[in-house]
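Fair warning: this is a prediction, and the values are worked out from it, not measured in the lab. Each chain gets a letter, A, B and so on, in the order its sequence line appears, and its residues count up from 1.
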Amino acid sequence: MILAFESSCDETSVAVVRNGDEILSNVIATQINSHKRFGGVVPEVASRHHIEQITICIEAALNEANVTYDDLDAVAVTYGPGLVGALLVGVNAAKTVAFAHHLPLIPVNHMAGHIYAARFVKPFEFPLMALLVSGGHTELVYMQADGQFEIIGETRDDAAGEAYDKIGRVLGVPYPAGKVIDEMAHQGQDTFNFPRAMIDEDNYDFSFSGLKSAFINTVHHADQIGATLDKNDLAASFQASVVDVLVSKTLRVLKQYPVKQLVLAGGVAANQGLRERLQLELPKHFPDAELLLAPLKLCGDNGAMIGAAGYIQYQHQQFGDASLNADPSLEFDWMPNMPH
Amino acid sequence: MKLLAIDTSNRPLSVAVLEDTKILATTTTNVGRNHSSTLLPIIEQSLAQAGIAPEALDRIVVAAGPGSYTGLRIGVTTAKTLAFTLDKALVGVSSLAALAANVLTEGQLVAPLFDARRENVFTGLYRIENQRPVNVVADQHVSLTDWHQVLAAYQEPIVFIGADVATYEEKLKASFGKRFVRAAPQLDLPRAEAIGLLGQTMAPVAQIHAFVPNYLRLTQAERDWQAKHPEEDHAPYVEKI
């Protein structure tokens, strides 16, 4: 049983996970209501909320799972990537619990955690490709085995989730904008035909800043000439461009990297438009590949996914020590290649 | 009483283990700001040297601010989590009182200070009584000019203590003249053993969950927001989902 900590951005979360695939508790304290005031996450405010919440979350996670420290085998924690001040609270709390109860400490990469959120659906089969889409990242990650991560493509500028938040501001949608824009998109039509950046380029990278600019220019131009644009159509057109690019790049990468499973994970994996399109397109093009959608409740940041990823490292005895520090720009290549 | 004391409020890091008034182990460094990497190993080492297991502790005392926001969070997160997870008493001591405790001259006024940039300081006024600093003017974030006016009411020598005094030494001398007394530089470092002795007799916090650093300042974003929205309140800011 693993006690898992997550505090990389604006959610404080502590979970108890058994055998890497069973959630006994997953307590999440979200700060959305606070950061709404500022239109986005303010790092110092986030760090202050984490320290208010951290022991409350530990207590609730143990109580809801109905376990004591004696039942635990290890403590896992996100140590990057993320906001450094936010990460530091989880890292120091997790280290302290591990030290106080003589438990091994497992340092977990936050992005690995997002991928392993899908592990709660069913066991992974390799090779596997993960489309990882969040407010901070947009990546295609190839996995030949548990714990092995190879980035095949990534965004060159904004992450997809970041683009949603930015155009949300233009549409007057409060932070975080993803869910509302997704709903608006389902009521509108793709009438604006925004650019699909890099869609035909011979690589697996993404770019969303051009789309964001095209969107903002369209809205500003309409404002100047006094025209009123249909907000639902704007949302639908924006989302169609994002989904087109994500799905077509993913399908292309699968031609070069045949896989048994495609995982969709990260905060933007909760987007219904994206889920629906992958459910439609993947069987058409790759009938033998299985689509694993991270459960909606586990798309956002949470401790359970860190427990699932941490369990793999626990099996390989990949432990950290009392000197573990937060690494805000942690990359996947920290993970050594593990035997399989 | 077996006690662990911690101070990571600023660049120095200090850890001590005490049994009653006996100091068993103490480590103070002043080499960098990487407290997140160094604090727990030093705690482990200090407890091992003192021959005390973490579960045998009775009380954890931490310098709770003011100071560097990140430094404070490392010390307070560690102290708070340790006290919570082992069900021990937790005491927060002012990081400024911790420095003032280095002065032992009976009746002496002491003004510990930390630089808060742009001619602002975190400071307070203390008087040494029975070898302990007793707060006279509350810890605050204040401009040097305003602080000079506050201290005008005290026409006696004041010991200024803290590594950041050097930054404003000329200005302080000009303002306070002969009342300005510079503490010996070896007193500028906080010592966790002094913090432990202060915290030994203080009442523990009632609610460990509610314990947070005493930043003495809202964040810039919150100050701006409050200025624009004097009537509004979004609370609760954090919700369990």
Region of Val42(A) that comes under 4.5 Å of a non-hydrogen atom in chain B: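 Side chain only.
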Hey, are the side chains of Leu88(A) and Thr77(B) touching, using non-hydrogen atoms and a 4.5 Å cut-off?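 Side-chain contact under 4.5 Å: no.
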Would you please test Val89(A) and Arg73(B) for side-chain contact (heavy atoms from CB on, under 4.5 Å) and show each step? CA-CA 7 Å; Val89(A) 175; Arg73(B) 270 193 293 273; 4.0 Å; yes
For the student: nearest non-hydrogen atoms of Ser36(B) and Ala326(A), plus distance: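 Heavy atoms of Ser36(B) and Ala326(A) come nearest at OG-N, 4.4 Å.
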Tell me the closest heavy-atom pair linking Glu44(A) and Tyr69(B), and the distance in Å.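 For Glu44(A) versus Tyr69(B), the nearest heavy atoms are OE2-CD1, 3.4 Å.
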Can you name the salt bridge (Lys or Arg N to Asp or Glu O under 4.0 Å) partners of Glu64(A), sequence neighbours left out?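 With neighbours one apart ignored, the set is Lys240(B).
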side-chain contact (heavy atoms from CB on, under 4.5 Å) partners for Ser37(B), two or more places apart: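 side-chain contact (heavy atoms from CB on, under 4.5 Å) check on Ser37(B) returns Asn325(A), Asn34(B).
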Presence of salt bridge, Lys80(B) and Glu52(A), under 4.0 angstrom: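 Looking at Lys80(B) together with Glu52(A), the answer is no, because their closest N to O distance does not fall below 4.0 Å.
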Contacting moiety of Thr38(B), where chain A heavy atoms sit under 4.5 Å: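 No part of it gets close to chain A.
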Which atoms of Leu47(B) approach chain A - backbone, side chain, both or neither, heavy atom under 4.5 Å: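 For Leu47(B), the side chain is the part near chain A, not the backbone.
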Residues of residues 92-103 of chain A within contact distance of chain B, non-hydrogen under 4.5 Å: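 Expected list: Asn92(A), Ala93(A), Lys95(A), Thr96(A), Val97(A), Phe99(A), Ala100(A), His101(A), His102(A).
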For His209(B), which of Ile54(A), Ile58(A), Thr55(A) qualifies under side-chain contact (heavy atoms from CB on, under 4.5 Å)?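 Going through the options one by one, the only one that passes is Thr55(A).
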Find the distance between CG (Leu72(B)) and CD1 (Ile51(A)) and round it off to the nearest 0.5 Å.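 Rounded to the nearest 0.5 Å, the CG-CD1 separation comes to 8.5 Å.
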Just so I understand: if I count every heavy-atom pair under 4.5 Å between each of Leu62(A), Ile56(A), Asn26(A) and chain B, which residue has the most?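 That would be Ile56(A).
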Within residues 214-222 of chain B, which residues come under 4.5 Å of chain A, heavy atom to heavy atom?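 Against chain A, the residues of residues 214-222 of chain B that fall inside the cut-off (heavy atoms, under 4.5 Å) are Tyr215(B), Arg217(B), Leu218(B), Thr219(B), Ala221(B), Glu222(B).
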Check the angle between the aromatic planes of His49(A) and Tyr237(B) and answer parallel, tilted or perpendicular using the 30° and 60° thresholds.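 Rings of His49(A) and Tyr237(B): tilted, as their planes differ by 30° to 60°.
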